[in-house]
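Okay, so here's the structure we're looking at.
In what follows, every heavy atom counts, from backbone to side chain, and hydrogens, waters and symmetry copies are set aside.
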2 protein chains.
Amino acid sequence: MLVLALYFFMAKIITTKNVTKKEVITQHAAVLFRQKGFAGTSMRELAEKLGIEASSLYNHIGSKSELLQTICFAVANDYNSQLEKTELSNEKVAVVIENIIRFHIHMMLHRFDEVFVANHEWKQLQEPFLSNFLLQRKSYEAKLIALIKKGIQTKEFVNINPHVAVLTILSAVRGLEFWQRHKKNLEQKSLEQDIVYHLLNGLKK
Amino acid sequence: MLVLALYFFMAKIITTKNVTKKEVITQHAAVLFRQKGFAGTSMRELAEKLGIEASSLYNHIGSKSELLQTICFAVANDYNSQLEKTELSNEKVAVVIENIIRFHIHMMLHRFDEVFVANHEWKQLQEPFLSNFLLQRKSYEAKLIALIKKGIQTKEFVNINPHVAVLTILSAVRGLEFWQRHKKNLEQKSLEQDIVYHLLNGLKK
DNA sequence: TGCCAAAACTAACACTTATTAGTTTTTAAA
DNA sequence: TTTAAAAACTAATAAGTGTTAGTTTTGGCA
C-alpha cells in the first residue's frame, strides 16, 4: 500500500532574537522605498520580498504610511541625538564640525537604505508628520549654522555665509549615495578622509 | 421678454508663441514630478493643472513615461553640450572646473524643476532609456574625473582621489535644491561665490 | 458661410492599489 | 493533549491608475 502525503507550509517571516517582525518588515520596506520610491512600491511587492501575502502584513503594521514614518523619524532621531552629544564637547569648532561630518559619512555608509529614504521620500509623509519632520530638520540645520558662525568668530573659519557652508557640507556628504555603486573599490577610511579634507581645506593647493 | 443665455467654454491649454502645447504640458509635468514624484503624480492631476481632462493630454503627448524621458534627456543634453564647450577652452584646469561649477549652479537656479526631476526620478525611466541615461551620466563623470586628474598633475590641485572630488563637487552643488526655499534671502552672486570658494579653497583659514 | 483639422469632451476599459473581514493554520504554553 | 493567541491565509471592497474609442466643439482658412 502506498501512502502519499503532501505537506503545504505557510510562509513565515523569519526573525532572529531581539528583532521584532515589525522591524524586519520596516527594513525590507526601506530597501524597496529606496529602490523604487514610496509611491512606486506596492504592499504586494513588499509582502513578496518577505514571502507572505500582502494582507498578512497588517497583522504587524498599521499602514503603508506608518512604515515611512517609522523610517524617517528613526533616522531623524539618530542625527539629533548624536548632534546633541557632539555639541557639548569642549573641542575646537573645527573638530566638532569634523566629527559631525564623519558621523554623517558613517550613517550614509552603514544605514544607507533608511537614510536614503529619509532624504528622498519624506515629502510623502502625511500631516502632521510632514510638518514635524521639517521642523526637526530646520532645527538641526540651525544648530549647525550656529556652530559655523562660532567658528568664524573664533577665526578658525574663513568669512563665509554660514548657511551656505552648512548646505554645501550636508549636500556633499549626501553624495555618498552615489558612492554605494563603487563601495568595494575604495577603502572607507580614505574616502572619509578625502571628503573631510576637501570640505575643510578645499581642492586647490 | 427676457433672454437668458448660458455659455459653456471648453478649457484650452494656453500657449504663447514659439512654445508648443507639448512643451507647456512638459513644463507643468516637471513641476508636479518634482513636488510629488513621478509615480506619485497622476495624469488626472496634471490635466487639472492645465485646466483640461486627462484624456485630452493624449492629443499632444504619447504617454506619461514619454514626459519623464523628455525632461531627463533635455537636461542631460544641456549638461553634456556645455561640458564639451568648456573642456575645449585653453584655461587652466582650476578655471575650467570653476566654470563647470558655475554652470551647475546656474542650471540649479534657473531650470530648477527639470534638473530636480532628472536628478531624482531618472530611476523611473523605462528601458532602454534608463540604460542610456546612466551611460551618459557615467561618461559625464568620467570627463570631470579626467579634468581633476589633470589638475593634480599640473600641481594646481592637492593630491585627492579625483573620483571622490567629483562626487563631492557635484553633490555639493545639488545642495541648491534645498536653497530654493530661501531663494529671496540671498543674492545669487554671493551664493555662487561662497559655494565656489568653499569647494576650491575649503572652510578653514 | 462652409469645411476640416486640431483639440477638447464623455465614457469606458482593464488593472492595480491599500486595506478589511472572516477563516484557517501555526505556535507555544498549560 | 487541550487551548488560546499569533500569524498566516482567501476573498472582496472601493478607489484610483494610464490609456483608448468615439463624439463634440473650436478656430482658422477657403
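- Using a 4.0 Å cut-off between a side-chain N of Lys or Arg and a carboxylate O of Asp or Glu, B/Arg34 and B/Glu177 do not qualify as a salt bridge.
- Checking the phosphate oxygens (OP1, OP2) of C/dA8, a side-chain nitrogen or oxygen of B/His60 falls inside 4.0 Å.
- Residues B/Ala39 and A/Ser56 both approach DNA chain D. Their nearest nucleotides, taken by heavy-atom distance, put A/Ser56 toward the 5′ side.
- Regarding A/Met43, its CE atom lies at a distance of 18 Å from the P atom of D/dT17, rounded to whole Å.
- B/Phe133 and B/Trp122 have parallel rings, their planes meeting at less than 30° on a 0 to 90° scale where 60° marks the start of perpendicular.
- For a distance-only test at 3.5 Å, the side chain of B/Arg44 qualifies as a donor-acceptor partner of the base of D/dG18.
- With hydrogens and angles ignored, no donor-acceptor pair under 3.5 angstrom links the side chain of A/Asn59 to the base of D/dA6.
- Put simply, B/Ser55 has no side-chain N or O that comes within less than 4.0 Å of OP1 or OP2 on C/dC9.
- The nearest whole Å value for the distance from the CD1 atom in B/Ile61 to the P atom in C/dA7 is 14 Å.
- Using a 3.5 Å distance cut-off with no hydrogens or angles, the side chains of A/Glu127 and A/Ser131 do pair a donor with an acceptor.
- Across the protein-nucleic acid pair, B/Glu53 atom CD and D/dT20 atom P stand 17 Å apart, rounded to whole Å.
- Of the candidate nucleotides C/dA18, D/dC9, D/dT19, D/dC9 has the atom nearest to the side chain of A/Ile52.
- Note on A/Ser65: nothing from the nucleic acid sits closer than 4.0 angstrom, heavy atoms only.
- Using a 4.0 Å cut-off, no side-chain N or O of A/Lys64 falls inside it from OP1 or OP2 of C/dT19.
- In this structure a side-chain-to-backbone donor-acceptor pair under 3.5 Å is missing from A/Ser139 to A/Leu135.
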